[in-house]
**Student:** 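Here you go, one structure.
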Amino acid sequence: MRVVVTGGAGFIGANLVRALLERAEVEHVTVIDDLSTGARENLAGLDVSFHEGSVLDRDLLDSAFAGADAVVHLAALPSVPRSLADPVSTHHANTTGTLQVLEAARRAGGPHVTAASSSSVYGANPELPKRESMAAMPTSPYAVSKLTAEAYLGAYHHSFGLPVLPFRFFNVFGPLQAPGHAYAAVVPAFVDAALAGRPLPVHGDGTQSRDFTYVGTVCRILTSAVLGRVTSPRPVNLAYGTRTSLLELAAEVERCTGRPVTLEHSAPRAGDVPHSQADSSRLRALFPDITAIGLHEGLARTVDWFRTRHAPLSGSR
Ligand code: NAD
């Protein structure tokens with residue numbers, strides 16, 4: 001099987017490439033990445049074909065998709081604050097980029113297309129847990145870009161028979177996730193600060209909660225989806241229904257690093273939702289054999305990686 005990973009030099013993508021290459025069924029992996037937030041070093045030593053460029057480039061997509069059996073589309077500008085600073089760039093990369101990927105898939109004869117949407121599409125809808133059938137109420141340009149992108153996947157399934165699978169990722173964390181940039185996610189920001197002896201940066205009072213998913217679990221699901229050609233025009237939450245506040249996360253980081261932590265609170269971030277927790281019924285029905293790696297185990301592996309990581313991975317954006 002030949003698999004293309006867009007955004008494969010990014011955090012989730014580079015973990016996924018490793019997971020795919022471990023599978024005997026996967027003959028070849030091709031990566032497309034414009035390195036806007038990812039880093040070539042994330043793929044160092046891996047046997048992949050690397051196409052540096054944008055998913056907005058039609059010719060590049062055609063050459064990368066030739067002969068592909070499956071595409072995992074992860075390329076995006078993946079940040080709420082960034083989308084507030086520059087909504088149009090987010091729209092181009094995330095929405096138009098997804099449309100270009102789907103068009104290229106159609107031209108390539110219809111490989112299976114899995115893509116990353118986001119729990120941010122639930123936005124202002126306060127209901128918990130988040131069920132895929134709930135009304136989406138995006139509160140940021142990023143969330144709109146992801147909602148539109150997943151809707152395109154569904155439309156391409158219904159209009160052109162393309163086998164698709166849009167996943168709504170929640171808060172994914174793990175090795176290769178860079179801490180040193182303005183839009184860093186909370187886990188790498190906390191672990192990096194704890195190991196450096198700095199206070200942990202908390203937006204708001206820290207009672208906001210998230211459904212954290214270890215990247216190894218996400219990669220198991222994505223690999224299984226690709227190999228099994230699992231298809232669903234309707235989006236599927238990719239999280240297991242846990243709920244951890246940032247204050248609880250800080251305590252867990254303290255346990256895993258063995259370093260006493262202090263917190264530094266700042267103003268809540270615009271566009272952030274107070275709570276997020278997945279209903280995982282659809283995910284469990286589609287992937288009954290996969291169990292999630294828990295927060296403690298995932299954080300312990302993440303802390304290990306932080307302690308041994310190579311310098312270029314930090315601050316790569
Ligand atoms: P990341 O920034 O590490 O990876 C995104 C990759 O896409 C980067 O390597 C970047 O260089 C590349 N890219 C960006 N624009 C591109 C373009 N126009 N053409 C080609 N490549 C481009 O982020 P990530 O956390 O690995 O996210 C992967 C996907 O998962 C994204 O679609 C993101 O929106 C989604 N997602 C992630 C999370 C999370 O918790 N990490 C949560 C929800 C959704």
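Both ligands and their constituent atoms are indexed starting at 1 by order of listing.
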**Student:** Among Gly13, Pro78, Pro188, whose heavy atom sits nearest atom 33 (C) of ligand 1?
**Tutor:** Pro78

**Student:** Give the cluster check for Phe65 versus Val26: same hydrophobic cluster or not, with ILVMFWY residues linked at side-chain heavy-atom distances below 4.5 Å.
**Tutor:** no

**Student:** Quick one: does Pro166's side chain get under 4.5 Å of Tyr152's, heavy atoms only?
**Tutor:** no

**Student:** Relative to ligand 1, is Lys146 under 4.0 angstrom through side chain, backbone, both or neither, heavy atoms considered?
**Tutor:** side chain

**Student:** Using a plain distance cutoff, I'd like to know if Ala93 has any nitrogen or oxygen under 3.5 Å from a nitrogen or oxygen of ligand 1.
**Tutor:** no

**Student:** Measure across Gly241 and Gln277 and return the closest heavy-atom pair with its distance rounded to 0.1 Å.
**Tutor:** O-NE2, 3.0 Å

**Student:** Does Ala9 come within less than 4.0 Å of ligand 1, judged by its heavy atoms?
**Tutor:** yes

**Student:** Could you check which of Asp33, Leu43, Asp57, Leu56 puts a non-hydrogen atom nearest to atom 9 (O) of ligand 1?
**Tutor:** Asp33

**Student:** Do Glu252 and Leu295 have side chains that get closer than 4.5 Å, going by heavy atoms?
**Tutor:** yes

**Student:** Do any nitrogen or oxygen atoms of Leu77 come within less than 3.5 Å of a nitrogen or oxygen of ligand 1?
**Tutor:** no

**Student:** From the options Val31, Leu74, Ile32, select the one whose nearest heavy atom is closest to atom 28 (C) of ligand 1.
**Tutor:** Leu74

**Student:** Would you say His203 and Ser266 are linked by a side-chain donor-acceptor pair, where the criterion is simply a distance under 3.5 Å?
**Tutor:** yes

**Student:** Which atoms of ligand 1 sit under 4.0 Å from any heavy atom of Leu35?
**Tutor:** 11 (O)

**Student:** Identify the residue among Ser120, Ser280, Ser276 that makes a side-chain contact (heavy atoms from CB on, under 4.5 Å) with Phe170.
**Tutor:** Ser276

**Student:** Taking non-hydrogen atoms only, is Ala39 closer than 4.0 angstrom to ligand 1 via side chain, backbone, both or neither?
**Tutor:** neither

**Student:** Please say yes or no: joined through hydrophobic side-chain contacts below 4.5 Å, possibly via intermediate residues, are Leu222 and Val236 part of one cluster?
**Tutor:** yes

**Student:** Should the proximity of Phe170 to ligand 1, defined as any heavy atom under 4.0 Å, be assigned to the side chain, the backbone, both, or neither?
**Tutor:** backbone

**Student:** Does an N or O anywhere in Phe169 fall below 3.5 Å from an N or O of ligand 1?
**Tutor:** no

**Student:** Pick whichever of Ser117, Ala75, Ser118, Ser36 has a heavy atom sitting closest to atom 7 (O) of ligand 1.
**Tutor:** Ala75

**Student:** Can an N or O of Gln177 be found at a distance shorter than 3.5 Å from an N or O of ligand 1?
**Tutor:** no

**Student:** Mind checking whether Val72 and Tyr156 sit in one hydrophobic cluster, side chains of I, L, V, M, F, W, Y counted as touching below 4.5 Å?
**Tutor:** no

**Student:** Just go through Ser145, Ala185, Gly7, Ala239 and tell me whose heavy atom is the nearest to atom 6 (C) of ligand 1.
**Tutor:** Gly7

**Student:** Under a 4.0 angstrom heavy-atom cut-off, which atoms of ligand 1 come close to Gly38?
**Tutor:** 8 (C), 9 (O), 10 (C), 11 (O)

**Student:** Of the non-hydrogen atoms in Glu150 and Leu147, which two are nearest, and what is the gap between them?
**Tutor:** CG-O, 3.2 Å

**Student:** Report, in ascending order of atom number, the atoms of ligand 1 lying under 4.0 Å from any heavy atom of Asn171.
**Tutor:** 40 (O)

**Student:** Step through the shown structure and confirm whether more than 12 heavy atoms of other residues, nucleotides or ligands are within 6.0 Å of OH on Tyr240.
**Tutor:** yes

**Student:** Mind checking whether Thr262 and Glu254 have side chains closer than 4.5 Å, heavy atoms only?
**Tutor:** no

**Student:** Give the contacting part of Tyr142 toward ligand 1: side chain, backbone, both or neither, where contact means a heavy-atom distance below 4.0 Å.
**Tutor:** side chain

**Student:** Below a 4.0 angstrom heavy-atom separation, can you tell me which part of Val172, side chain or backbone, both or neither, approaches ligand 1?
**Tutor:** both

**Student:** Any idea which heavy atoms bring Thr231 and His112 closest together, and the distance?
**Tutor:** OG1-CD2, 3.7 Å

**Student:** Report yes or no: does Gly53 have a heavy atom closer than 4.0 Å to ligand 1?
**Tutor:** yes

**Student:** Just checking, Arg168 and Tyr122: is the charged tip under 6.0 Å from the six-membered ring centre and within 45° of the axis?
**Tutor:** yes

**Student:** Hey, which atoms in ligand 1 end up nearer than 4.0 Å to a heavy atom of Gly10?
**Tutor:** 3 (O), 4 (O), 8 (C), 9 (O)

**Student:** Could you name the option among Thr37, Leu176, Val218, Asn42 that has the heavy atom nearest to atom 8 (C) of ligand 1?
**Tutor:** Thr37

